[in-house]
Every structure is written in C-alpha cells, then in structure tokens.
There are 2 protein chains.
Amino acid sequence: MIRVWPISPRQACLTNKRSTLADSDETGPEDNFMVTPLLKVVLTEDDGPVRERLARIVHEWPEAELCAACATLEETQAAIEADDIDLLITDLKLPDGSGIEAIRFLARRRSEAEAIVISVLADERSVLAAIEAGASGYLLKDADSIDLIEAIRDVMAGRSPISSRIARVLVRRLSENGNTAAENEGARPALTEREMDILWGIAKGFTYGELADSLAISRQTVPVHIRNIYRKLQASNRSEAVFEAARLGLIRL
Amino acid sequence: MIRVWPISPRQACLTNKRSTLADSDETGPEDNFMVTPLLKVVLTEDDGPVRERLARIVHEWPEAELCAACATLEETQAAIEADDIDLLITDLKLPDGSGIEAIRFLARRRSEAEAIVISVLADERSVLAAIEAGASGYLLKDADSIDLIEAIRDVMAGRSPISSRIARVLVRRLSENGNTAAENEGARPALTEREMDILWGIAKGFTYGELADSLAISRQTVPVHIRNIYRKLQASNRSEAVFEAARLGLIRL
DNA sequence: TGTGGAATACCATGATTAGGGTATGGCCGA
DNA sequence: TCGGCCATACCCTAATCATGGTATTCCACA
C-alpha cells in the first residue's frame, strides 16, 4: 500500500539531497509531497491491556503499519532485526530488561529511526538515559489521555513530544549546566594572556625550552609565568595546574 | 483576596524537604493545601494586540493577579523591582533587549519565581539561552492556540510546558552529550584500576613518593605505571597525561 | 593442562627537566 | 608615582624520564 505523505524535515534531512526526494515525486506542483510507504511501527509494552489499547490506536491509524506489538525486550529486538522500522514506541520497564536497551539497539541498527518512550517512570535517571540512548519523545503514562497519533506526527516531523513533567527534568539538567558555568565564571581566577598561552603549552606537555621557542620568549621567563599560574590556581606543579584549569573550565578540552 | 492553593512541588522544594514533595500529589489529605495569595504575574510582549490578548487571558483567570503588562525590557525590570512576583511570562524579542535578560534579572531578584517564554524563536541559541537563564517553560508562538492557563498551571506545579518543536532542541542537546560520551567510550583507552589510581594522584600533583605512600606500593613501581599510562594516552609527561585524561573523560573534574 | 600475555610489583642509574628563590628592568594604566 | 604585568637572568635542589633488568599472579586460549 502506498500513500501520499508530506515530507517531514527529518526525512528530508536523512536522505542526502532534497532534490532526490522532490524529483521522485510526480504527483503535482507541490513538491512538498511524495509517495511514501506506510510508517513502520513497533510497539513494546509489557502490560497486556495497555498494549492492546495502544496497538489498536496505531493499527486503526491509516498512515502507519504496526509491524509488531511486543511484551518483552527480546521480542522487540527480534522485531527490529526482522524489519526496517521507522518508529519504536516502547515502555521502559520490561520483564527481561529496559526499553532503553531496545532504543540503543534500534539506534545501532537504524540510526534514522525514531523512538518514543511511554512510561510511568519520571525520575531523572530514566529520562536522561532514554534521551541519551536516542529517544526523541517521552510521554508519561499518567497523562490523562495520551494522544499517541499526535505524538507520532510530532516525532516524525522532527519535533519532540514530551510530557511537561518529563520536560522539567530536561530543563533542570540543562539549566544546571548554565548555572555551574556561570558560577565558575565568578570563582575563576583571571589569568593573563601570556599565562593562558603558557597554560596551553603545559597542557600539551611542552618543556621549558619548547614553550620558550613557541612563544618566542626566553627560556628563563617561562618558569616565572608557570609559577604565577600555580599561585593563581593554587597548584604546585604542572599536572595539578592542568587538572585545576580543566576543572575550572579555563581550558576547553 | 485569599485563595486556597495546592502546594506546588516548587514551593514544597523551597520550603523544606523532599518528603513533602512526594506526598503532594494533588488529592492527598488536607495538609497538602495552604492559604496562598494570588499568583503575581508579569507579562512582557512588545506586540500590542498580542499583549492585550494574553493580558486578558491572565486577567480573566481568577487565580492570578496581573501585576504588569510590559512592552519593553526596561518596563519589565521595573515591574520585577516593584513587586515580588511569582511568574514572568515574556517574549524574547523586545525593542530594547532580550527577554532572556529579563529572566536573568528575575532569577537574581527572586530565585524562587518562575519564567515562561512565549516566542516565535525556535533556534538553538535562543532556546538554550532562555533555559540556562532560568526559564522553566517555552511556548512557540506559532502554536495554533497557546493554552496559557494550562502552561501556568504546569509551571507552578513544577512541570515544564514546552512546545514539541522546542523540546526537540533540548533533546538534541542532551542526546549529543550521551553520544559524545558513548563515542569517547569506544576510543577511550582502557586503563587498569592501578593506573587509574596513579592517574588520580598525578592529577592531584603527587610526587612519586606521595603516590607510593598513598597506594602503599614501592616508589620504584610508580614510574612503571606512569609510563604505561603515558603509552596508553599517547602522552609523554604528566601534564599532557592529565590533559588527555580530562579530554577523554577518564577523570571526572 | 600447559602456556602466553597482561597486570602488578620491585630494583638501579645517568641525563634531563622542573621547581623555588631572588633580582633587575621596561611598559602601561590608575 | 605606584603597582601590576611581562620579560629576563642565575643558581641549587628535587623530581622526572628513559633505560636497563627480574618476579609473581591471574586469566584466557589452545
């Protein structure tokens, strides 16, 4: 079965050139439309009734083809192996492992496929692990009524359907980065330009002589700068200075 | 005017301990409710008609008090100064600056206040800057119809109302972290436990003698491990080894 | 069951480098 | 004019690097 399907940003991005996609489409003046096979979906959920309910939603949606409805990690991996799927919708708590492993498995096989998590878990570890594994969507099961089709449309269009409670975890994580960076900014000792040059050389393992040559200064001047760096970083030798500098973000790694 | 208001996780978190938080799931016993004044809101939006529309929504909502409806950054900062507000709803593009500055300003004055961005901007820089400045919500203006009240409820309950297109930016950023970490995992040389001990000591600036003492091994053994570390990290001295180790994420800073 | 390899540990020495101290002078902005 | 930054110079001690070795344990593979 073949259907007309609007090009998603994701798809356009994934094949190489947009022109390839556009050229293969002869259905009309709108080159935003192309002939696309059904979206191949695998659904994983260990709870039978819930799985049935979700499966029915996907199944009744004419734009997708439900390749498999799995209850375990093993089944899911088999389903991913068996078929080049476009989307995995998975629970996290599975009897034989975590849905995160399924997402990783999918990412390795088909990096262009998408994954949506549907789970009751909202703790930071689960959420971040799922995102880092490659999930693009994360819906909380306790939501009054998950609009699964809306979520699928979102994710295939390059957006991320995420419950607001889950989103808070992401926001907190990212804002922490900002805060710590900003805090360190204040506590960061001010090194002079020359000292930064020297610091870089130290990190790269240069000796006094190499440092002097590369900066075109006297060999005897180098250790003076180095000692000033030690004082400012409260270090007493090179490796400690590099460690402190890295910790304070003075050196970009 | 005084109203009964459920404790938000945010508020619970600020008052004291996490236990309060866990118990505060909506319909619990009476001590989950407290007497609270109206939510004090400042709204900033440079486009007049849009501002009027949003202001009316907030104004007509009985649970909030609209302290000010501003068109510029300056007005916003003045409004924040004038009143201990609970929530800032702001656009990013303002005639005299960025709404991000308003968020930063608010974070400095009242760190417990929340901020929601409503903007047409969806680029990574704007989104991440807003989040790092302290925004908890980010709604895209092109959304068909923003449910502002729902967003306010979300954010005051410790959730993060975020448009799915914006969420994708956050997801991408966080999953990149995961990927680079995972990639480095592969390229990362495998140091033995002993070598990691030694590496730590090096980073802290220990000498051979201190290293030997702290690990209870012979002074002569230390340089052997160190040379092995150099070989594995392709370094030729201590500082370079620390630098490489930090770069590869072998050392948590 | 044996055997190779890796990791760990120990020993020794000469050449090189780093670290600490102290001193002097030029330059520039407050 | 003073202080901070940069640069230069010398000397001495301590530490490191690159070499040589040898021995033990443990694990994987044949």
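Labels below follow one simple rule: chain letters A, B, ... track the order of the sequence lines, proteins then strands, and each chain is numbered from 1.
Atoms CD (Q220(B)) and P (dC11(C)) sit 6 Å apart, rounded to a whole Å. Whole-Å rounding puts the I217(B) CD1 to dA23(D) C1' distance at 16 Å. Going from atom CZ of F206(B) over to atom C1' of dT16(D) covers 17 Å, rounded to whole Å. The NZ atom of K232(B) sits 11 Å away from the C1' atom of dT8(C) (whole-angstrom rounding). The interatomic distance linking E210(B) (CD) with dA15(D) (C1') rounds to 11 Å, in whole Å. Note: NE2 (H225(B)) to C1' (dA7(C)) measures 8 Å, nearest angstrom. For I229(B) and dA9(C), the CD1 to P distance is 12 Å, given to the nearest whole Å. The nearest whole Å value for the distance from the CZ atom in R238(A) to the C1' atom in dG20(C) is 14 Å.
Residues R231(A) and V222(A) each lie close to DNA chain D; by heavy-atom proximity, the contact nearer the 5' end of the strand is made by R231(A). Across the interface with DNA chain C, nearest-nucleotide mapping of V224(A) and Y208(A) shows Y208(A) to be the residue nearer the 5′ end.
Counting non-hydrogen atoms under 4.0 angstrom, N228(A) reaches nothing in the nucleic acid. Heavy atoms of S218(A) sit under 4.0 angstrom from primed sugar atoms or phosphate atoms, though from no base atom. Within the 4.0 angstrom heavy-atom criterion, base atoms lie near T221(A).
A donor-acceptor contact under 3.5 Å links the side chain of R227(B) to the base of dT19(D).
Picking from dA7(D), dA15(D), dA18(C) the nucleotide with the shortest atom distance to the side chain of T207(A) gives dA18(C). Proximity note for R194(A) (side chain, C-beta onward) versus dG19(C), dC6(D), dT8(C): the nearest is dC6(D).
Defined by atom type and a distance below 3.5 Å, a donor-acceptor pair is present between the side-chain atoms of Q220(B) and S218(B).
At a threshold of 4.5 Å between non-hydrogen side-chain atoms, the residues L139(A) and P161(A) count as touching.
Judged purely by atom type and a 3.5 angstrom limit, R194(B) uses its side chain to pair as donor or acceptor with the backbone of L215(B).
Taking CD1 of I162(B) as the reference point, atom CD1 of I131(B) lies at 4.5 Å (rounded to 0.5 Å).
With Y230(A) as the fixed residue, the side-chain contact (heavy atoms from CB on, under 4.5 Å) test singles out one of E240(A), R238(A), H225(A): R238(A).
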